[in-house]
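Throughout, protein chains are lettered first and strands after them, A, B, ... in sequence-line order, and every chain is numbered starting at 1.
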There are 2 protein chains.
Amino acid sequence: MLTEVIHEMLTDRQLFLLQLLVNDYVVSAEPVGSRSIAKREDVTFSPATIRNELADLEEMGYLEKTHLSSGRVPSEKGYRFYVDHLLSPALLSDDELGNIRHAYHERLSETEELIRVTAKILSEFTNYTAIMLGPELLEMKLKHIQMVKLNQNQAVLIIVTDTGHVENRVVAIPKSINADDIEKIVNILNDKLNMVPLYQLQSRLNAEISGVLREHVRDYKRVMTLLNNSLTISDPEQIFYSGKNNMLAQPEFQDVDKIIPLLDVLEGKELIRELMSMPSNGLHIRIGRENKLNGIEDCSLITTTYSVGGEHLGTVAVIGPKRMAYPRVITLIDMVSKLLTENLNKQERHDR
Amino acid sequence: MLTEVIHEMLTDRQLFLLQLLVNDYVVSAEPVGSRSIAKREDVTFSPATIRNELADLEEMGYLEKTHLSSGRVPSEKGYRFYVDHLLSPALLSDDELGNIRHAYHERLSETEELIRVTAKILSEFTNYTAIMLGPELLEMKLKHIQMVKLNQNQAVLIIVTDTGHVENRVVAIPKSINADDIEKIVNILNDKLNMVPLYQLQSRLNAEISGVLREHVRDYKRVMTLLNNSLTISDPEQIFYSGKNNMLAQPEFQDVDKIIPLLDVLEGKELIRELMSMPSNGLHIRIGRENKLNGIEDCSLITTTYSVGGEHLGTVAVIGPKRMAYPRVITLIDMVSKLLTENLNKQERHDR
DNA sequence: TGTTAGCACTCGTTCTTCCTGAGTGCTAAT
DNA sequence: ATTAGCACTCAGGAAGAACGAGTGCTAACA
């Protein structure tokens with residue numbers, strides 16, 4: 001790969017050095033000097049030569065110095081180039097592969113559990129933070145609706161989706177409505193709304209169903225406001241975190257003043273929005289300021305997606321320092337998202 | 001209060017000084033010296049006198065020095081004495097009172113939501129971390145059980161409790177069992193298990209119900225293992241955190257090496273066990289090493305409980321540094337737990 | 001006898017100063 | 001084109017000085 005002319009300006013040796021330097025910096029977290037590069041067995045030329053090359057790479061914007069006489073550190077452009085052209089996926093040891101597969105063999109029944117396990121594996125094997133966006137609630141389709149009366153005034157409204165997800169909320173039941181009414185209402189809803197995506201529930205209710213209800217049910221008005229209130233799906237995403245505290249172990253975040261804003265951003269809604277705005281297929285990497293979001297300028301975000309039956313279901317993300325073990329994370333996130341997809345489809349296959 | 005002889009060994013002036021010193025240290029987080037105490041308006045005697053008194057208090061074990069010539073800091077014994085004898089509950093400003101009451105007026109429908117709001121208020125108004133243990137699932141009683149078929153092989157089992165809580169799990173349905181069977185099973189379960197506490201479900205199933213099932217249902221064996229698996233309530237507690245990151249702002253946890261173990265403990269199961277082991281009524285304070293749990297030696301834990309209809313429901317806890325604003329936290333936790341109880345009982349009252 | 005002023009002493013903190021070592025760029029020789 | 005050599009830079013650590021907030025103790029005082 002190195003022998004091809006990838007970028008018109010860079011010689012093979014420069015490519016080689018850039019790759020070496022990034023690899024080195026990723027593990028050491030210290031600026032890399034010419035001497036330490038020259039010490040490597042596979043480097044035949046002298047520190048002086050390396051200095052010349054590194055100076056050129058710096059001039060072209062791939063490297064930076066932390067101060068006038070320091071070693072070099074990759075710039076964002078450098079990372080970007082590395083990620084785009086110099087990266088070869090990491091290999092996992094048999095041990096690790098075994099452990100990962102093992103974790104999936106435990107239980108493949110519940111979607112949520114599967115996602116949670118995936119997040120945990122990702123964060124534990126990368127030592128960074130994993131964030132998973134679950135299947136979008138709004139895209140799920142209604143499988144069954146049910147009302148269970150708790151007492152004179154309250155009932156639980158239960159919505160089961162085609163994926164087996166269960167939403168529920170407590171609703172106040174007006175005195176004017178009795179058990180028979182409720183049964184009637186629920187029957188109508190189940191009849192008319194079967195397999196309707198949740199985001200359409202409300203509009204369908206008001207368009208098609210209100211008429212039917214008016215005919216068959218007493219106190220039609222109250223029922224409608226009740227249903228309107230409870231069929232609003234407010235929380236559009238399920239979010240699973242794992243390894244939030246892993247960030248604290250990274251040398252770039254030893255300073256408490258950096259940790260607090262970072263953790264705040266990590267848990268904040270903006271990050272989720274950012275994640276949702278990522279392209280919805282394939283693997284994507286955002287390095288440092290490529291994330292428009294404030295507070296994670298020193299972080300990189302790697303995302304991919306998982307799906308079932310070809311349908312986009314959710315997002316898998318790893319966030320870590322810019323100085324990230326990209327090859328390893330890429331391999332892991334790719335593997336894990338495929339395993340997740342695979343397991344979800346295994347469930348699905350049973351269906352038909 | 002000060003004029004009574006509370007502790008045979010301590011003079012009124014010593015009590016006064018101890019109280020002053022703790023109050024001061026709680027806000028400043030710096031060892032308190034004789035001079036700074038003497039500066040206060042309500043202190044009429046000189047630094048030298050204060051030094052003598054503080055030396056006595058130190059001898060008796062209520063105070064400590066961080067080094068030979070430093071100011072004094074309360075010892076755990078000092079905090080304990082302060083908490084037991086010197087504390088007067090803090091007053092909240094009308095503004096704060098208003099805000100708190102306002103937060104509760106929003107929605108009083110869902111138990112979980114109510115608990116979550118309470119945790120948020122506590123952490124925001126104390127600037128420490130709030131942990132709430134929700135109603136013990138196992139104590140809840142079964143209100144309704146339901147199975148919704150998702151596809152050929154899977155169904156969702158839904159358990160609704162008397163409190164409106166909904167548990168659900170995906171179960172695999174053996175081919176030998178059809179929709180009619182399921183309906184029969186569910187009807188039997190609803191009939192026999194109504195208002196049975198969740199922790200009894202399994203034993204009741206095996207004792208009383210297995211016989212009935214054997215008579216009415218095909219493939220009795222598979223059904224029993226299926227039910228046995230899914231009626232095991234694994235997660236005995238609902239836990240709500242709020243303000244986990246507030247700890248990071250405390251001066252005693254500026255050091256990253258202290259933060260990591262602290263956050264780990266905070267999220268760990270041992271702490272929850274510790275919380276559950278607290279006496280189940282009234283307000284309780286554990287200072288520093290009084291918590292047997294490793295990792296929170298420098299923290300204090302204040303807990304109380306909330307209930308509905310006189311029945312113990314769950315635990316409210318605030319964890320912060322030993323150097324905690326005890327009066328304020330006590331006032332807040334007390335107030336908030338009462339508001340929570342009140343609101344829960346308001347729901348309850350509707351029932352009868 | 002309890003209180004206080006005075007004083008010597010301790011020790012953490014901060015500010016310098018100095019030194020070292022790892023790094024650089026540049027120049028001249030190979 | 002490469003490299004040895006050299007002067008230069010700069011972060012980081014060590015050593016020391018000065019500071020100041022605190023102490024305990026003693027002696028004087030009301």
Side-chain angles (χ1 to χ4, degrees), chain A residues 9-18 20-22 24-25 27-75 78 251-252 254-255 323, chain B residues 9-18 20-22 24-25 27-75 78 251-252 254-255 323:
Chain A
M9 314 304 280
L10 292 186
T11 66
D12 281 1
R13 191 163 69 189
Q14 285 172 330
L15 294 173
F16 176 60
L17 284 172
L18 179 54
L20 234 57
L21 190 141
V22 174
D24 193 339
Y25 182 63
V27 313
S28 72
E30 303 269 301
V32 184
S34 56
R35 234 179 80 88
S36 73
I37 294 182
K39 266 186 204 144
R40 295 182 46 118
E41 282 187 0
D42 49 352
V43 172
T44 55
F45 29 92
S46 77
T49 310
I50 296 171
R51 279 202 291 282
N52 287 328
E53 296 284 33
L54 296 189
D56 288 349
L57 283 168
E58 184 179 354
E59 223 164 60
M60 291 185 275
Y62 295 108
L63 299 178
E64 283 170 354
K65 285 191 282 197
T66 59
H67 64 271
L68 195 62
S69 73
S70 78
R72 259 65 173 214
V73 157
S75 67
E252 28 270 279
Q254 286 306 295
D255 195 1
R323 181 191 59 74
Chain B
M9 312 304 279
L10 292 186
T11 66
D12 281 2
R13 192 163 68 187
Q14 286 172 329
L15 294 173
F16 176 59
L17 284 172
L18 180 54
L20 233 55
L21 190 141
V22 175
D24 193 338
Y25 182 63
V27 313
S28 73
E30 305 269 302
V32 183
S34 57
R35 236 179 78 90
S36 73
I37 293 182
K39 268 187 203 142
R40 295 183 44 119
E41 282 187 359
D42 48 352
V43 171
T44 54
F45 29 92
S46 76
T49 309
I50 297 172
R51 280 201 290 282
N52 287 328
E53 296 285 33
L54 296 189
D56 288 349
L57 283 168
E58 184 179 354
E59 223 163 60
M60 291 184 274
Y62 296 109
L63 299 179
E64 284 170 355
K65 285 191 281 197
T66 59
H67 64 271
L68 195 62
S69 73
S70 77
R72 259 67 172 213
V73 158
S75 67
E252 28 270 279
Q254 287 305 294
D255 195 2
R323 180 192 58 75

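Within residues 42-58 of chain A, the residues that have a heavy atom under 4.0 Å from DNA chain C are, in order of number, A:R51, A:A55.
Regarding A:Q14, its CD atom lies at a distance of 11 Å from the P atom of D:dT2, rounded to whole Å. Counting to the nearest Å, the P atom of D:dG24 and the CG atom of B:L63 are 11 Å from each other. Protein atom CG of A:L68 is 13 Å distant from nucleotide atom C1' of D:dA7, rounded to whole Å. One atom, CG of A:D24, and another, P of C:dA22, lie 15 Å apart when rounded to the nearest Å. Atom-to-atom, NE2 of A:H67 to C1' of D:dA11 comes out at 6 Å; the value is rounded to the nearest Å. Atoms CD (B:E30) and P (D:dT23) sit 14 Å apart, rounded to a whole Å.
Proximity of B:L54 to B:L21: side-chain heavy atoms (C-beta onward) are separated by under 4.5 Å at one or more points. Inter-residue side-chain proximity for A:R13 and A:F45 is flagged as met; some heavy-atom pair is nearer than 4.5 Å.
Close to D:dT23, at under 4.0 Å from its OP1 or OP2, lies a side-chain N or O of B:S34. For the OP1/OP2 pair of D:dA4 and a distance below 4.0 Å, the side-chain nitrogens and oxygens of A:R35 include no atom meeting the criterion. Between A:K65 and the phosphate of D:dA11, there is no side-chain N or O to OP1/OP2 separation shorter than 4.0 Å.
Counting all heavy atoms, side chain and backbone alike, B:E64 lies closest to B:P74 at OE1-O, 4.4 Å. The two residues A:V73 and A:P31 come nearest to each other via the heavy atoms CG2-CA, 3.8 Å.
Side-chain atoms of B:R72 lie closest to D:dG24 of the nucleotides D:dG24, C:dT24, C:dC11.
Test B:L18, B:L20, B:D12 against B:F16 for side chain to side chain contact (heavy atoms under 4.5 Å, CB included) and you get one pass: B:L20.
Residue B:T66 is out of contact with every strand shown, counting any heavy-atom pair closer than 4.0 Å. At a threshold of 4.0 angstrom between heavy atoms, the contacts of A:S36 with the nucleic acid are absent.
Mapping B:G71 and A:R13 onto DNA chain D by nearest heavy atom places A:R13 at the nucleotide closer to the 5' end.
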Exercise. Show your reasoning for whether side-chain contact (heavy atoms from CB on, under 4.5 Å) applies to B:R72 and B:L57.
Key: CA-CA 10 Å; B:R72 259 67 172 213; B:L57 283 168; over 6 Å; no
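The 12-atom threshold is not exceeded at CZ of A:R35, counting heavy atoms of other residues, nucleotides or ligands nearer than 6.0 Å.
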